[in-house]
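These notes concern the structure reproduced below.
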Amino acid sequence: MVNKLIYLDNNATTKVDERVLEAMLPYFKEEYANPSSMYDFAKKSSTAIKQARSVIKDFVNANDEKEILFTSCGSESANTAIRGVLNYNKTKKHIITTSVEHPCVLNVYKSLEKQGYKVDYIGVNSNGELNLEELESKIDEDTALVSVMWANNETGVINPIEKISQIIKSKNKDTKFYVDAVQAAGKIPIDVQAAGVDLLGISGHKFHAPKGVGALYVNSKTMITPLIIGGHQERGKRAGTENVPYIVGIAKAAELAADGLKYELTEVKRLRDKLEKGIVNKIYNARLNTGAANRVPNTTNIGFEYIEGELILLHLSDLGICASSGSACTSGSLEPSHVLRAMNVPFTAIHGSIRWSLSRFTTEDEVDYVIEKLPSIIEKVTSISPYQKELEELKRLRGTANDV
Ligand code: PLP
């Protein structure tokens, strides 16, 4: 057991940045007024929200602050966007999404199917890349909504959002486009105008704000029926007294993320690539699950053939190393990941697949430590695999070196 914590599960959640916490604290202490109140004391709270809205507007490059709503999380952003669009105009009953969305999107569609909606789930290739021809062929007059994630939480694979938007609008200009950008925000640039997105959701805890705050962009031409009805907050689109400290927190985190984007795209990527190569080159039964797909800079998903991912995670945990065997919502269950299944990752590797996700707080020493310790863990777990004959054959074919 080591005291050290090596946190490589940043797609599940991230550490709150000290500067975010500092920015939030006054709104728990002195500045506790309800931002809707009329007296002077409430001015700081209402101004803080106004400023935060402007920061998020810039973060996603919206045209107007009025296009930004604050929510409680990425799941609420998705539910508000999807149900909001469909409830506003109930005449169209067709939806298109992907087979690799996060459960907070997929389960909304499963429930809408029970209400009579027809949902098409677009597939991906073995690298996790979306089948755009299939997507194009499904759009018709009745398509109310297309929803595609910007980056996948398990593989980091980036979808070509601008291209998808062009395809949608060329087939049906009335079809709305929702993008779950929860795993893209803070890792790659987001520009809703350039990308032609109608609605887009983000979540603070994936980029160093606390859990419990998200945001939703709804462009001014898109109407939604609110999910939460009550007071007039968020221009009537999301009732409930605003969570001022957390809204301040997500805005501070967005500011830091925007400033740190270059670091993410160079240094975090360098460390991710080092980790990936270090693992795949040293371990003969390791395979990179995403091939050459375009990915966010912090994520890699590696399958270890003929062994169980859960056992690997337990050994890693003994060394203080945190990684994940699927999305956080499904880890703990032995069901193989729906994302890797959609990619047709061979059954020999799917159960032993591990997601590693770095952040700006990941250090070179941590990456080196994992590269040093992992081979003996894999060897230990491999030695008790019932597939010894297959492993021998794999070793004979691959030797000890792999090429990433
Ligand atoms: N979308 C994606 C791609 C995610 O990875 C997650 C969380 O893991 C969510 C949505 C849900 O976000 P939240 O946990 O803030 O509800």
Side-chain angles (χ1 to χ4, degrees), residues 7-16 20 56 59-60 69-83 97-110 121-122 124 128 130 147-159 161 164 177-188 190 197 199-217 227-228 238 243 246-247 249-251 253-254 257 290 293 295-301 322-333 337-340 342-343 355-359:
Y7 187 73
L8 297 175
D9 200 16
N10 287 280
N11 287 8
T13 197
T14 57
K15 170 179 168 172
V16 175
V20 169
I56 300 295
F59 187 51
V60 299
L69 311 186
F70 290 109
T71 65
S72 66
C73 58
S75 303
E76 188 192 323
S77 296
N79 273 263
T80 305
I82 297 165
R83 294 184 193 276
T97 189
T98 83
S99 51
V100 296
E101 295 296 300
H102 188 271
C104 79
V105 167
L106 281 181
N107 288 335
V108 178
Y109 293 129
K110 295 282 171 226
Y121 298 88
I122 307 300
V124 294
L130 202 58
S147 104
V148 175
M149 66 200 327
W150 203 311
N152 185 273
N153 45 305
E154 294 190 39
T155 60
V157 171
I158 297 172
N159 286 313
I161 295 301
I164 294 169
F177 185 25
Y178 172 63
V179 175
D180 172 357
V182 165
Q183 293 292 347
K187 297 169 187 166
I188 51 173
I190 291 181
V197 168
L199 308 103
L200 174 136
I202 61 174
S203 175
H205 76 102
K206 308 290 186 178
F207 56 97
H208 306 292
K211 295 155 203 57
V213 62
L216 174 65
Y217 160 79
L227 207 60
I228 304 175
R238 199 263 189 183
N243 188 352
Y246 281 65
I247 289 171
I250 194 174
T290 47
R295 283 174 292 150
V296 286
N298 79 318
T299 309
T300 184
N301 193 307
C322 307
S324 151
S325 63
S327 73
C329 305
T330 53
S331 65
S333 94
S337 134
H338 72 285
V339 175
L340 301 183
M343 291 162 67
R355 173 186 75 184
W356 314 82
S357 47
L358 289 66
S359 81

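Both ligands and their constituent atoms are indexed starting at 1 by order of listing. Sequential numbering from 1 along the given sequence is applied to the chain's residues.
Using 4.0 Å as the threshold, G214 has no heavy atom nearer than that to any atom of ligand 1. For the pair K206 and ligand 1, a heavy-atom separation below 4.0 Å is found.
Proximity to S75 (heavy-atom distance under 4.0 Å) selects the following atoms of ligand 1: 11 (C), 12 (O), 13 (P), 16 (O). Residue-ligand proximity, H205 to ligand 1, at heavy-atom distances under 4.0 Å covers atoms 13 (P), 14 (O), 15 (O). Atoms of ligand 1 lying under 4.0 Å from at least one heavy atom of S203, given by number and element, are 13 (P), 15 (O). Of all atoms in ligand 1, listed by their number and element, those nearer than 4.0 Å to a heavy atom of Q183 are 3 (C), 4 (C), 5 (O). Residue contact check: M149 has heavy atoms under 4.0 Å from atoms 3 (C) of ligand 1.
Neither the backbone nor the side chain of K211 comes within contact range of ligand 1; no heavy atom lies under 4.0 Å.
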Chi angles and distances behind the side chain to side chain donor-acceptor pair (under 3.5 Å) call for N11, T299: CA-CA 8 Å; N11 287 8; T299 309; 3.1 Å; yes
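Atoms CD and SG, from E76 and C104 in turn, are 11.0 Å apart once rounded to the nearest 0.5 Å. With rounding to the nearest 0.5 angstrom, the CZ atom of F207 is 11.0 Å from the CD atom of Q183.
Across all non-hydrogen atoms, the minimal contact from L200 to V60 is CD2-CG1, 4.0 Å.
For ligand 1, the polar-atom distance check finds an N/O of G74 within less than 3.5 Å of one of the ligand's N/O atoms.
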